[in-house]
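Data first, discussion second: the structure below is written as structure tokens.
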2 protein chains.
Amino acid sequence: MDAIDQSILRALQSDSSRSIAELAEIVGASTSSCHRRIKSLESAGFIAGYSAVLDPQRLGLKLHAFVEITLESQSRGAMESFEKAVCGFDDILECHLTTGQADYILRLAAHDLEQFDRVHRECLSLLPGVSAMRSSFAIRTIKQWRGYPTG
Amino acid sequence: MDAIDQSILRALQSDSSRSIAELAEIVGASTSSCHRRIKSLESAGFIAGYSAVLDPQRLGLKLHAFVEITLESQSRGAMESFEKAVCGFDDILECHLTTGQADYILRLAAHDLEQFDRVHRECLSLLPGVSAMRSSFAIRTIKQWRGYPTG
DNA sequence: ATCGATTGATCGATGGCGTCCATAATTTCC
DNA sequence: GGAAATTATGGACGCCATCGATCAATCGAT
């Protein structure tokens with residue numbers, strides 16, 4: 001994991017459709033060296049995979065929401081059934097068990113308020129064992145997630 | 001945007017390294033049709049790009065944090081200088097202006113508590129105009145973000 | 001029935017990917 | 001310090017996937 005590897009990771013995070021030749025020029029290495037480094041970064045597990053980045057706006061997902069959820073009970077059973085239910089809903093993009101006020105933080109995407117209301121009724125309100133729920137909508141994205149810092 | 005396009009988007013979100021032939025088989029279309037559809041999804045803006053998915057654990061980023069921030073003033077100037085400062089820090093992965101209790105929600109990644117403390121001192125505490133800050137750490141990820149729902 | 005759009009098959013050309021080998025650099029051991 | 005061993009590097013080449021184009025067939029709507 002030297003500077004060139006980090007540079008490769010950074011470049012691949014921002015655009016993985018580049019050819020190895022382009023990449024090699026960017027990071028300042030030969031194509032074969034670059035190729036080998038990529039393969040070893042893959043097999044070492046630094047690169048988990050490759051993915052297309054979709055535009056949520058273009059998909060009509062104009063509403064992003066964060067929901068903090070507190071459970072009535074932190075018993076193992078309550079948590080497990082809550083988590084299982086969460087995983088079953090496609091509209092819940094993300095879910096983390098957290099420290100702090102709430103127990104869980106969810107992240108949702110929806111087309112509009114109307115659909116969010118539907119998600120709320122058909123999904124959030126069906127989650128078991130919830131005692132409190134606090135939603136925040138994203139009004140504007142200041143900084144978009146575009147990969148992890150590489151060091 | 002029919003069922004096949006949605007299927008292509010889903011497949012490309014989960015793994016964009018597949019060949020067109022593989023993809024065509026998955027979605028049940030011919031290679032040429034699949035190729036055409038991908039190109040048109042790209043030029044229509046549904047696909048914003050392609051990216052390597054890194055493993056944060058493997059990069060040593062074992063700590064994920066959500067930070068809610070309330071500003072002292074919601075004046076235009078205060079918000080602009082806050083947002084500008086946020087964009088300058090690599091450790092802040094994401095930042096959204098939100099409705100609800102707080103004004104902003106940030107998302108951070110760090111190697112460990114020690115580094116988070118450093119980020120806290122050298123980054124969070126330098127953000128201008130902050131009146132309150134509430135951090136939550138992700139203890140465990142229940143559901144990992146792996147792309148948007150397509151339909 | 002007709003027109004337009006989409007499909008699937010095929011082909012050719014380009015260019016990227018992966019492998020090879022010889023060389024250079026680094027480490028290891030005496 | 002020097003030689004051997006191991007590893008990393010860079011250039012070259014063959015194979016294959018991608019890409020754009022073409023064309024007949026099919027589907028769908030008016």
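Keep in mind the model is a prediction, meaning the values are calculated, not measured.
- Ring centroids of B:F137 and A:H96 are separated by 6.0 Å or more, keeping the two rings apart.
- Between A:H35 atom NE2 and D:dC13 atom C1' the separation is 14 Å, expressed in whole Å.
- Look at A:S32 and you won't find any side-chain N or O under 4.0 angstrom from OP1 or OP2 of D:dG10.
- At the phosphate of D:dT9, OP1 or OP2 sits under 4.0 Å from a side-chain N or O atom of A:R37.
- Phosphate proximity of D:dG20 to B:K39: absent, as no side-chain N or O sits under 4.0 Å from OP1 or OP2.
- The closest donor-acceptor contact from the side chain of B:D90 to the backbone of A:P149 lies at 3.5 Å or more, if one exists at all.
- For the pair B:I8 CD1 and C:dT7 C1', the interatomic distance rounds to 13 Å; values are reported in whole Å.
- For the pair B:R36 CZ and D:dG20 P, the computed distance is 12 Å after rounding to whole Å.
- Atom-to-atom, CZ of A:R18 to P of C:dG16 comes out at 14 Å; the value is rounded to the nearest Å.
- A distance-only check finds no donor-acceptor pair linking the side chain of A:S51 to the backbone of B:S14 [under 3.5 Å].
- Around the CD atom of B:E114, the shell of radius 6.0 Å holds no more than 12 heavy atoms that belong to other residues, nucleotides or ligands.
- Under 4.0 angstrom from either OP1 or OP2 of C:dG8 there lies at least one side-chain N or O belonging to B:S33.
- One interatomic measurement links the two molecules: CD of B:E25 to C1' of C:dG8, which rounds to 16 Å at whole-angstrom precision.
- Here C:dC17 is the nucleotide among C:dT7, C:dC17, D:dT18 with the atom lying nearest to any side-chain atom of A:I20.
- Summarising the geometry, the separation between CD1 on B:I38 and C1' on D:dT18 is reported as 10 Å, rounded to the nearest angstrom.
- Within 4.0 Å of B:S19, counting heavy atoms only, lie sugar-phosphate atoms of the nucleic acid but no base atom.
- Distance A:D2 CG to C:dA25 P: 16 Å, rounded to the nearest Å.
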